[in-house]
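Worth saying up front: this structure is predicted, and the values here are computed from it rather than measured. Numbered from 1 within each chain, the chains take letters A, B, ... in sequence-line order.
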Number of protein chains: 2
Amino acid sequence: MWYALFMRKPYVVSINDIRLTSVLHALSDPRRLQIVMSLKGNAEQNCAIYHDMMPKSTLTHHLKVLREAGVAKVRIEGTQHFYSLRTEDLEQLFPGLLTAILNVQSELISH
Amino acid sequence: MWYALFMRKPYVVSINDIRLTSVLHALSDPRRLQIVMSLKGNAEQNCAIYHDMMPKSTLTHHLKVLREAGVAKVRIEGTQHFYSLRTEDLEQLFPGLLTAILNVQSELISH
DNA sequence: GTCAATGTTCTAGTTTTTTAGTATGAATGA
DNA sequence: TCATTCATACTAAAAAACTAGAACATTGAC
């Protein structure tokens with residue numbers, strides 16, 4: 001379609017629209033938090049590594065929540081999507097928050 | 001007083017049962033986060049100050065979520081309930097987390 | 001063009017959460 | 001005892017979130 005050129009880049013939430021409640025909500029789901037933990041240390045992950053965690057459509061949903069909250073961003077390369085955390089943006093808005101969360105021991109994450 | 005022994009103590013979540021996802025979920029609601037912010041700096045607040053924010057039963061619900069997640073605790077004095085944050089427990093489990101959240105500027109909290 | 005690989009969108013069913021009215025309980029003072 | 005205050009419990013309805021199957025879209029290789 002004619003607008004395909006504009007859709008190649010996924011919508012990214014402006015740093016000015018990131019809000020704490022949305023970020024906390026995005027991080028409050030065990031599966032999303034697991035995804036976020038896997039992106040620790042500026043890691044970039046392809047969706048494929050999560051496919052044993054959940055069905056594709058469920059994964060897409062969770063990644064969308066993370067993107068729309070401003071927690072994660074995606075880089076598209078061919079047919080593959082590579083996800084990473086918006087570490088700098090989050091640090092700027094909420095100093096120390098992401099670090100504190102990423103440092104939590106796995107036993108304390110969820111029941 | 002002798003009958004103090006029979007006084008109902010509110011259920012308190014053991015520190016061993018506090019989980020990050022539950023804490024983040026509790027903090028992800030704008031009204032609950034507003035309550036938490038009002039408890040900053042070891043403040044202790046009586047429920048009454050929140051009564052212009054929402055109906056009593058709604059307030060009770062939100063306070064219960066905060067208590068059950070291990071974010072807040074309550075001290076009962078007569079008919080009044082005084083709420084405060086479990087600052088030390090949270091700092092022990094999730095170093096830096098609560099501080100990071102309490103330091104967020106109000107404009108960045110919610111839409 | 002056709003095909004396979006990779007993800008998204010659409011949709012619906014289920015579960016969880018939020019809200020708030022009403023009823024109930026516990027403590028206090030007259 | 002009785003009324004009052006303060007807060008929780010119960011209940012039901014509405015809203016939001018989660019899950020996942022099926023269809024669709026995009027890319028790259030042949």
Report task. Rounded off to whole Å, could you give me the CD1-to-P distance for the Ile35(A) and dC18(D) pair? Result -> 12 Å

Requested in this report: Could you tell me the separation between the CD atom of Gln34(B) and the P atom of dT18(C), rounded to a whole number of Å?
Outcome: 15 Å

Report task. Check the distance between dT8(C)'s C1' and Gln80(A)'s CD and give it to me in whole angstrom. Result -> 15 Å

Report task. Kindly indicate whether the side chain of Val71(B), heavy atoms from C-beta on, has any atom under 4.5 Å from the side chain of Arg86(B). Result -> no

Query raised in the report: Within the side chain of Thr99(A), is there an N or O that forms a donor-acceptor pair under 3.5 Å with the backbone of Gly96(A)?
Result: no

Report task. Please state how far atom CD1 in Ile49(A) lies from atom C1' in dG7(C), giving the value in whole angstrom units. Result -> 15 Å

Requested in this report: Calculate the interatomic distance between Phe82(A) atom CZ and dA5(C) atom P; express it in whole Å.
Outcome: 17 Å

Query - Side-chain heavy-atom pair Arg67(B), Tyr83(B) within 4.5 angstrom cut-off - result: yes

Query raised in the report: Under 3.5 Å, side chain of Arg32(A) to main-chain N/O of Leu66(A), donor-acceptor pair present?
Result: no

Query raised in the report: Which residues within residues 52-66 of chain B lie with some heavy atom under 4.0 Å of an atom in DNA chain D?
Result: Lys56(B), Ser57(B), Thr60(B)

Query raised in the report: With distance as the sole test, does Thr21(B) use its side chain to make a donor-acceptor pair with the main-chain N or O of Asp29(A) at under 3.5 Å?
Result: no

Query raised in the report: Base, sugar-phosphate alone, or nothing: which one does Tyr50(A) contact when heavy atoms must sit under 4.0 Å apart?
Result: nothing

Query raised in the report: Are Val74(A) and Leu63(A) close enough that some pair of their side-chain heavy atoms sits under 4.5 Å apart?
Result: no

**Report entry** Flag if over 12 foreign heavy atoms under 6.0 Å of NZ, Lys73(A)
**Finding:** yes

Query - Side-chain touch Leu20(A)/Leu97(A), heavy atoms, less than 4.5 angstrom - result: yes

Query - Whole angstrom value for the distance that separates P of dG25(C) from NE2 of His81(B) - result: 15 Å

Query raised in the report: In whole Å, what is the span from the NE2 atom of His51(B) to the C1' atom of dT8(D)?
Result: 11 Å

Report task. Output yes when a side-chain donor or acceptor of His111(B) lies under 3.5 Å from a complementary backbone atom of Asp17(A), and no otherwise. Result -> yes

Query raised in the report: Hey, does Tyr83(B) reach any base, or is it just sugar-phosphate, or nothing, if we go heavy atoms under 4.0 Å?
Result: sugar-phosphate

Report task. Select one nucleotide: of dC6(D), dA20(D), dA7(D), the one nearest the side-chain heavy atoms of Arg31(A). Result -> dA20(D)

Report summary line: So, with a heavy-atom separation below 4.0 Å from DNA chain D, the residues of residues 22-30 of chain A are His25(A), Asp29(A)

Requested in this report: Taking the side chain as every heavy atom from C-beta outward, state whether Gln45(A) and Ile35(A) have any atom pair closer than 4.5 Å.
Outcome: no

Query raised in the report: Any side-chain heavy atom of Leu85(A) within less than 4.5 Å of one from Leu90(A)?
Result: no

Report summary line: With five pairs defining each end axis, the helix from dG1(C)-dC30(D) to dA30(C)-dT1(D) comes out bent, to 10°, by 20°

Report task. Measure from the side chain of Asn46(B), starting at C-beta and using heavy atoms only, and say which of dT8(D), dC6(D), dG7(C) lies closest. Result -> dC6(D)

